[in-house]
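What follows is a short report on a single structure.
Reminder, nothing fancy here: chain letters follow the sequence lines and each chain counts from 1. For the numbers below, each heavy atom of this structure counts, side chains included, while hydrogens, waters and symmetry mates do not.
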2 protein chains.
Amino acid sequence: MKQSTSGDENRMAGTTQVPAERRRAGRPKGTVLQREKIAAAALELVGAHGYEALTMSAVARELSVSPSALYNHVESKQQLLQWIQELVMARVESDAFHTLDIGAALRAWATSYRNVFAAHSPLIPVIAILPVAGSPNTLLMYEEVAAGMDRAGWPRADIVSSIVALESFIFGSALDATAPLDIFDPGPHSGSLPVFEDALRLQRESGKSSADDAFFIGLEALVNGLISRLSPVGGLGSTHN
Amino acid sequence: MKQSTSGDENRMAGTTQVPAERRRAGRPKGTVLQREKIAAAALELVGAHGYEALTMSAVARELSVSPSALYNHVESKQQLLQWIQELVMARVESDAFHTLDIGAALRAWATSYRNVFAAHSPLIPVIAILPVAGSPNTLLMYEEVAAGMDRAGWPRADIVSSIVALESFIFGSALDATAPLDIFDPGPHSGSLPVFEDALRLQRESGKSSADDAFFIGLEALVNGLISRLSPVGGLGSTHN
DNA sequence: ACCTGAACACCGTTCAAGT
DNA sequence: ACCTGAACACCGTTCAAGT
């Protein structure tokens, strides 16, 4: 996608032939901006046009203010991203740990987590490495998961690593969901990869989304593998608790 | 005192089962040399100062040319990223599939893959969604893995999804390795998360790197889980096939 | 063929001026 | 307190002009 050379201005000017009551400098009578409105506008922007569309100018335009006006409310774009993190993480459901066995609960949580970020995938690389201290919702989620594992007999010393492993898979899967559908197209090298190309064909013919299929296959394998570490006797059935 | 024109990039021509990248005689390697110099300078920049330091200006400065001079050799920054992908992927070792059993081979490949990207972590979100057609090394790797799975009796229709699942975990883990060490620090909310904070303390006291530990635990679980899908007699509730 | 330097349309952010 | 608009130091990219 290239930068447009000159056409965008015209489109904008076309809709505002008569400049409709432009706000003048100075304090408006009511508060125009606030944290939630800014964060929501930013999140909507990402959802609609991807991460690269998330510019301070675009957020400002969405709210009908000038870009610099945002800085009366938010310290930086980085802080705006933290607000978005808090909004997004609030949608991850982690209540299954109180109703289902640990395997089902982990799968339900991970699926919710992954779906939330698949819907806001451009944010993944950003949020995956964002410190968690500023987001109470994220911390609450971790406590739910950790407590669920604890009740299921998980060794406490393994809980953090297990969560990180699951999260790595979740983020990686959500990241994968952002990839173009033809990411595996061999292009000019077609014909020289006998097994892989045949596998690719079979996958396509299955009609299943590669990203979704991979997520569910991997999630089941990962959760089963982690749980079978718990009890050396190894039955997968929830023998614990 | 920069420009290491050492023959370090020769490994790109290592295993040539795919004839696609053969250079013809006739048109000299002047351009090619430039290509590799540019890609190497870019990769070094990322390694030294992170992804945000990878600007066309910085690459040009590294090579003592003006930014616009780069465009005589590379079409866009996106293409430069593809060159980097090719350089990085060449370092992933996937030869274990010829010497080890499938489980050990998958673990060896995944560990190499993850370590390569942990060393160039800022590139993960970029490369994870970069189309693969422009990178012969990447395609070769996929063929190696797919063929290894095939020889081990993997259902061909599951091969792509299995690779994607493993790759998701690998990229997610490498991404996690870029996170700040104190990413889980609860900050002002300390004291309100009994299980998670205790688990965090135990993890810290173990002296193990959280990212490394999570990767190895998760990798073993994921590989075991995937393999146990193969043989229905394995005791997992694999009902299909 | 391949470089320079000016130019363009962007970015995030700061700040004085205005109400 | 909170907005506007100008300004600053950046981006990636194009292009005419030089050799």
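For the pair B:Arg35 CZ and C:dC2 C1', the computed distance is 19 Å after rounding to whole Å. The CD-C1' distance, from B:Gln34 to C:dC3, rounds to 11 Å in whole Å. A straight line from CG of B:Asn72 to C1' of D:dG18 spans 13 Å, rounded to a whole angstrom.
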Measure all distances between protein nitrogen or oxygen atoms and nitrogen or oxygen atoms of nucleotides 12-16 of chain C, and list the pairs falling under 3.5 Å.
| unit_1 | atom_1 | unit_2 | atom_2 | d |
| --- | --- | --- | --- | --- |
| C:dG12 | OP1 | A:Met56 | N | 3.2 |
| C:dG12 | OP1 | A:Lys77 | NZ | 3.0 |
| C:dG12 | OP2 | A:Met56 | N | 2.9 |
| C:dT13 | OP2 | A:Tyr71 | OH | 2.6 |
| C:dT13 | OP2 | A:Lys77 | N | 2.9 |
| C:dT13 | O5' | A:Tyr71 | OH | 3.2 |

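Residues satisfying the ring-ring contact (aromatic ring centres under 6.0 Å, His included) test with B:Phe215, not counting sequence neighbours, are B:Phe169. A:Arg204 pairs by the side-chain hydrogen bond (donor to acceptor under 3.5 Å, both in side chains) definition with nothing, not counting sequence neighbours. With sequence neighbours excluded, no residue satisfies salt bridge (Lys or Arg N to Asp or Glu O under 4.0 Å) with A:Glu36. Take A:Val126 and apply the side-chain contact (heavy atoms from CB on, under 4.5 Å) test, not counting sequence neighbours, and it matches A:Tyr51, A:Leu81.
Here B:His73 reaches the OP1 or OP2 of C:dC3: one of its side-chain N or O atoms lies under 4.0 Å away.
Residue pairs that meet the salt bridge (Lys or Arg N to Asp or Glu O under 4.0 Å) test with at least one member in residues 113-131 of chain B, sequence neighbours left out, are B:Arg114-B:Asp212. The salt bridge (Lys or Arg N to Asp or Glu O under 4.0 Å) contacts involving residues 166-194 of chain A comprise nothing, where partners must be two or more places apart or lie in separate chains. Residue pairs meeting the ring pair (Phe, Tyr, Trp, His ring centres under 6.0 Å) criterion with at least one member in residues 110-141 of chain A, sequence neighbours excluded, are A:Trp109-A:Tyr113, A:Tyr113-A:Phe117, A:Tyr113-A:Phe171, A:Phe117-A:Phe171.
Between B:Gln79 and B:His73, the closest side-chain pair of non-hydrogen atoms is not below 4.5 Å.
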**Complete:** Parsed dot-bracket for DNA chain D after applying the Watson-Crick and G-U rules with both distances under 3.5 Å and | for other-strand partners is ||.|||||...|||||.||

